[in-house]
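Single-structure report; data block below.
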Amino acid sequence: MRYLSDFRDAAACAALAERIRRLAHGAGEMQFMEFCGGHTHAIARHGLRSLLPENVRLVSGPGCPVCVSSQGDVDRAVALAGRDGVTVVTFGDMMQVPGSEGSLQEARALGADVRVVYSPADALRLAVDCPGRQVVFLGVGFETTAPAVAATVLQAQRQGITNYSVLSLHKLTPPAMRAVLDAGEVRLDGVIGPGHVSTVIGAGAWRFLPEEHGLGCAVAGFEPADLLLAVAELVRMVVEGRPEVANCYRRSVSDGGNSRALAVMEQAFQVVDADWRGLGVVPASGLHFRPELADLDAGARLALPKLESREPAGCRCGEVLRGVLEPSQCPLFGSACTPESPVGPCMVSTEGACSAHYLLREAG
């Protein structure tokens with residue numbers, strides 16, 4: 001705990017904030033995107049925006065895995081929950097996300113067997129304990145969760161567990177960052193690289209930002225000193241005119257990532273195009289199972305048809321996820337859309353920008 005408290009030390013954070021002010025003085029307006037939903041939550045929880053000078057601004061990106069699951073993905077999950085003999089298993093954040101015909105939570109209230117787990121391993125154990133049911137795990141998440149899901153699928157194949165499958169909604173983060181930049185809707189001067197994702201894929205995965213887009217990237221941890229150090233590095237890069245990738249989270253992130261996790265992902269998944277809320281179909285940004293694991297693909301095993309979906313009326317989560325709109329600029333924010341009665345996914349997930357701005361606005 002003492003090790004962790006060093007990264008929350010008030011004097012250290014004040015010194016970093018002063019360093020940012022000195023570096024940014026007279027340097028013009030700067031805007032950096034924090035890609036990761038965990039960073040969005042931490043920035044709001046620790047009130048970091050209030051420590052930054054007026055010419056340094058942070059904007060949230062599409063880094064919440066629940067939020068970027070498309071409306072069609074949510075509808076497919078709800079449709080699966082309505083099947084006889086099927087148990088849908090998911091993380092808690094997915095329960096409240098509204099689909100075109102309701103949420104998983106509402107489906108459970110109507111009698112569907114929907115259960116919340118804390119890990120994919122819990123889902124696999126449930127399948128072993130319930131041999132008479134088809135247990136479907138919703139594989140939602142980025143490179144952070146994909147290795148654990150891949151491991152359960154490979155384990156199920158080895159052990160001949162035939163009632164476990166996964167609806168893979170996994171997404172890859174670098175292609176999404178490219179899509180945000182290629183769209184040209186938001187001006188950025190640098191990116192705070194996601195800490196957990198970079199633990200798996202490595203800081204080197206973000207080298208395309210300085211090399212192809214002329215933007216600096218600072219990979220950060222989740223404590224206030226981590227994030228302030230990352231902002232200081234990004235400001236320095238702008239002032240010096242030398243964009244690069246700075247690894248500010250060396251206690252967890254290496255340049256090449258976690259080779260074991262990457263190998264498990266490679267063994268189970270192949271890269272495909274994926275549909276993102278707010279971004280549409282992004283090339284080579286999703287993970288589906290390799291053909292030899294097709295029996296563990298819930299969509300194929302249970303013959304799930306393509307569904308017609310519709311976005312919630314008035315919801316502007318897509319613009320929030322692209323960094324085009326501040327959560328408070330959405331007309332529904334805090335009135336028709338609250339954490340108790342969310343209209344869109346950004347108000348549901350604890351990593352959602354709207355939820356963070358609403359629940360932690362006093363701190364932020």
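Owing to the predicted nature of the structure, the values given are computational and were not obtained by experimental measurement.
The side-chain heavy atoms of L215 and P243, taken from C-beta on, include no pair separated by under 4.5 Å.
Checked for salt-bridge contact, D189 and R187 meet the test: a charged N lies under 4.0 Å from a carboxylate O. For the pair R301 and D295, the salt-bridge criterion is not met [side-chain N within less than 4.0 Å of a carboxylate O]. With respect to E54 and R21, no salt bridge is recorded, no charged nitrogen being found less than 4.0 Å from a carboxylate O. The pair R250-D255 fails the salt-bridge criterion, with no side-chain N (NZ, NE, NH1 or NH2) lying under 4.0 Å from an Asp/Glu carboxylate O. For the pair E223 and R251, the salt-bridge criterion is not met [side-chain N within less than 4.0 Å of a carboxylate O]. Taking the charged nitrogens against the carboxylate oxygens, D73 and K171 do have a contact shorter than 4.0 Å, which makes a salt bridge. One finds no salt bridge joining E233 and R242 here, because no Lys/Arg side-chain nitrogen approaches an Asp/Glu carboxylate oxygen to under 4.0 Å. In this structure, R207 does not pair ionically with E212, as no charged nitrogen and carboxylate oxygen lie closer than 4.0 Å. No salt bridge links D6 with R8; every basic N to acidic carboxylate O contact stays at or beyond 4.0 Å. E311 and R316 are not joined by a salt bridge, as no carboxylate oxygen comes within less than 4.0 angstrom of a charged side-chain nitrogen.
Using cut-offs of 30° and 60° for the angle between ring planes, the F269 and H170 rings count as perpendicular. Relative ring orientation between W206 and F35 is described as tilted, the plane-to-plane angle lying within the 30° to 60° band.
A distance of 11.0 Å separates CD of E319 from SG of C346, quoted to the nearest 0.5 Å. Here CG of L279 is found 11.5 Å from OG of S70. Values are rounded to the nearest 0.5 Å. Atoms OH and CD, from Y164 and Q159 in turn, are 11.5 Å apart once rounded to the nearest 0.5 Å. Within the model, atoms CD of E29 and CG of N55 stand 5.5 Å from one another, a figure rounded to the nearest 0.5 Å. The distance from atom SG of C337 to atom CG of L332, rounded to the nearest 0.5 Å, is 6.0 Å.
For the ring-ring contact (aromatic ring centres under 6.0 Å, His included) with H196, the lone residue among F142, Y249, F222 that qualifies is F222. Of the residues D113, N163, D84, the one that meets the side chain to side chain donor-acceptor pair (under 3.5 Å) test with R133 is D113.
Cluster membership check: M347 does not share its hydrophobic cluster with M94, using side-chain heavy-atom separations under 4.5 Å among Ile, Leu, Val, Met, Phe, Trp and Tyr. Connection of V140 to L302 is established within a shared hydrophobic cluster, with ILVMFWY side chains joined at heavy-atom distances below 4.5 Å, either directly or through further cluster members.
Here the shortest heavy-atom pairing between S60 and M33 reads O-CE, 3.8 Å.
At distances below 3.5 Å, not a single donor-acceptor pair connects side-chain atoms of R290 with backbone N or O atoms of Q270.
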